[in-house]
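A short worksheet on the structure shown next.
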Amino acid sequence: MRLVAGVDCSTQATKVLVCEAETGAVVREGRAPHPDATQVDPAEWWKAWEIASDGLLDGVQAIAVGGQQHGMVLLDDSGEVVHPAVLWNDTSSADATTELIAELGGAEAWAEAIGSVPVPSFTVTKLRWIRDEAARADADAVRREAARRAAAVVLPHDWMTHRLAADRRGIEGITTDRGDASGTGWWSAATNSYRTDLVELAFGRQLALPRVAGPAEVVGETAFGAAIAAGTGDNAAAALGLDLQPGDVAVSLGTSGTAFARSANPTADPTGLVAGFADATGEYLPLVCTLNAARVMSATANMLGLDLAEFDEAAITSPGSDGLVLLPFLDGERTPDLPHSTGLIYGLTRATMQPATMARAAVEGLLCGLADAVDALRAQGLPVHRLLLLGGGARSRAVQALAPALLGAEVVLPEPAEYVALGAARQAAWALTGELPTWPVPVGKPEPAITLDATKLRANYEQVLTNTRPLLSHPYNR
């Protein structure tokens, strides 16, 4: 029996799965938390890896890392981290994003250059932000020194992959892959090449970038003798773990909400809704991401004084939201591009100010945002035959029951699993054996669908969003 390991270095934790290379059966697993922050010392990821992997790695012959996308890790010539990693969900670079889009000539110019229009999540915007912060007259000494010493910029999965290598030397030999590189803002999935001019546009000078390794390439060896695969970004790893097929759309409700699908062809959406990412197999992974997903439900439950089970029961048994609309932009928003926004509740009356109605409106608002995401994929010519609901929020009975009508397709539930780590393990097996293995993905039945007027609900949501957008964008919101 050959064993491989997959690592998910996510926003919240490091998770490790050890799997049989031929079947994907999980034989061991571990987990350790990360600090709850939007800027994190990468050393914390390594500590979490050591805890999560302790006692798991005997017999492992290959390993791969799936990492949170977009996070900016700045290194000096010796490979030392010079600033806390700025994560995807740090929206400090909102103003820098606006500047960069204008400086290249607008959204269409960015879509043509890299297949995506940057939002504050993208690494390129964070690079501009730290440049500007370091140049301020009252600049923090750490940021000024970081901008001066920076010699290379890499992503979380790149850093972890390099750190695993027994023979690492400074910044020499650092690698990435197509899937993760396509979220930086300076790599084109369509041309499979870097746009180094965009690094200079953002930072004012060039920085070393990791080599883009092939999907099944072995890029190093660990101290315990395992081959290191290229790794990838978390969404590309999840697509591998789910074995997405044409017509499948994965809809994930975790910290963020994502909708993504495999495509044989690159996409370039000038509206900025769909990011034209690459996948981890040599194809493409058009993706729409929202900042607010499962935590919309937990926050609303907390406001109502309910635990999550009580909240879910209230939402699924409510006869409807009775015109109550919740715009769920509790942490700002990436799609639509409203980084400084807050949430909004519209339609309060004595009749709608009830826990069940509020719970139902929260679930509907969350799903209306994801429905817009799925429609944006359709607009890029992608077929949507089946929706795979996953993530913590997918366990909600109300989400399962309302999703088919609001998202407009059949809904299935992949059995709960760590699909990012599983996809990374599958990539490790590919690197080990030379063939991408076929691993089964068990699928369960969702809650029976609730019949509702999805057209009316979505129209109400869009009207409230349109009418209140100037208010949502007002600077006093943050």
Side-chain angles (χ1 to χ4, degrees), residues 251-257 259 290-331 333 341-375 387-413 416 444-468 472:
V251 178
S252 177
L253 292 86
T255 304
S256 62
T290 69
L291 284 183
N292 299 275
R295 290 189 294 191
V296 173
M297 294 187 288
S298 59
T300 308
N302 184 60
M303 179 185 72
L304 297 173
L306 304 175
D307 62 28
L308 278 174
E310 293 168 334
F311 169 87
D312 205 32
E313 181 67 19
I316 200 170
T317 57
S318 173
S321 52
D322 198 19
L324 190 66
V325 174
L326 185 146
L327 300 183
F329 310 146
L330 306 185
D331 293 308
E333 191 46 81
S341 67
T342 59
L344 186 144
I345 299 171
Y346 177 85
L348 284 175
T349 66
R350 282 184 297 155
T352 59
M353 291 179 70
Q354 305 296 326
T357 310
M358 191 73 71
R360 180 65 165 263
V363 176
E364 289 174 354
L366 166 62
L367 287 173
C368 281
L370 290 171
D372 287 346
V374 174
D375 281 353
L387 300 166
L388 286 72
L389 284 189
L390 58 150
R395 298 173 193 158
S396 161
R397 294 168 54 225
V399 165
Q400 295 171 24
L402 295 169
L406 286 171
L407 273 59
E410 176 195 6
V411 167
V412 298
L413 290 179
K445 282 185 130 184
E447 193 74 17
I450 291 176
T451 301
L452 51 81
D453 189 342
T455 301
K456 181 179 179 181
L457 275 175
R458 292 194 59 192
N460 288 346
Y461 178 90
E462 293 300 327
Q463 184 175 9
V464 172
L465 175 57
T466 299
N467 291 346
T468 62
L472 293 169

Sequence neighbours excluded, the answer for salt bridge (Lys or Arg N to Asp or Glu O under 4.0 Å) partners of Asp453 is none
Going through the checks in order, is the side-chain contact (heavy atoms from CB on, under 4.5 Å) test met by Leu348 and Met358?
-> CA-CA 9 Å; Leu348 284 175; Met358 191 73 71; 4.1 Å; yes
Donor-acceptor pairs under 3.5 Å, side chain of residues 293-309 to any protein atom, not counting sequence neighbours: which ones?
unit_1	atom_1	unit_2	atom_2	d
Ser298	OG	Arg295	O	3.1
Thr300	OG1	Val296	O	2.7
Asp307	OD1	Ala309	N	3.2
Asp307	OD1	Glu310	N	2.7

Among residues at least two apart in sequence or on other chains, which ones pass side-chain hydrogen bond (donor to acceptor under 3.5 Å, both in side chains) with [X]?
| X | answer |
| --- | --- |
| Ser321 | Glu364 |
| Ser396 | Asp312 |
| Thr352 | Thr349 |

So how far is it from [X] [atom1] to [Y] [atom2], rounded to the nearest 0.5 Å?
| X | Y | atom1 | atom2 | answer |
| --- | --- | --- | --- | --- |
| Thr342 | Leu472 | OG1 | CG | 6.5 Å |
| Gln463 | Thr468 | CD | OG1 | 10.5 Å |
| Phe311 | Ile316 | CZ | CD1 | 11.5 Å |
| Asp375 | Leu370 | CG | CG | 11.0 Å |

Taking every non-hydrogen atom, the tightest pair across Ile345 and Leu326 | CG1-CD1, 4.1 Å
Work out which heavy atom in Pro328 is nearest to a heavy atom in Gly365; give both atom names and the distance.
-> CG-O, 3.7 Å
Quick one: does Glu333's side chain have a donor or acceptor within less than 3.5 Å of a partner on Thr290's backbone?
->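 Judged by distance alone, no pair lies under 3.5 Å.
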Below 4.5 Å, heavy atoms only, C-beta onward: do [X] and [Y] meet side chain to side chain?
| X | Y | answer |
| --- | --- | --- |
| Leu327 | Tyr346 | no |
| Asn292 | Leu366 | no |
| Leu465 | Val325 | no |

Go through the steps to decide whether Asp372 and Arg458 satisfy the test side-chain contact (heavy atoms from CB on, under 4.5 Å), and finish with yes or no.
-> CA-CA 9 Å; Asp372 287 346; Arg458 292 194 59 192; 2.8 Å; yes
What side-chain donor-acceptor pairs closer than 3.5 Å can you find for residues 400-412, not counting sequence neighbours?
unit_1	atom_1	unit_2	atom_2	d
Gln400	OE1	Glu447	N	2.8
Gln400	NE2	Ala394	O	2.9

Going through the checks in order, is the side-chain contact (heavy atoms from CB on, under 4.5 Å) test met by Leu367 and Leu457?
-> CA-CA 11 Å; Leu367 287 173; Leu457 275 175; over 6 Å; no
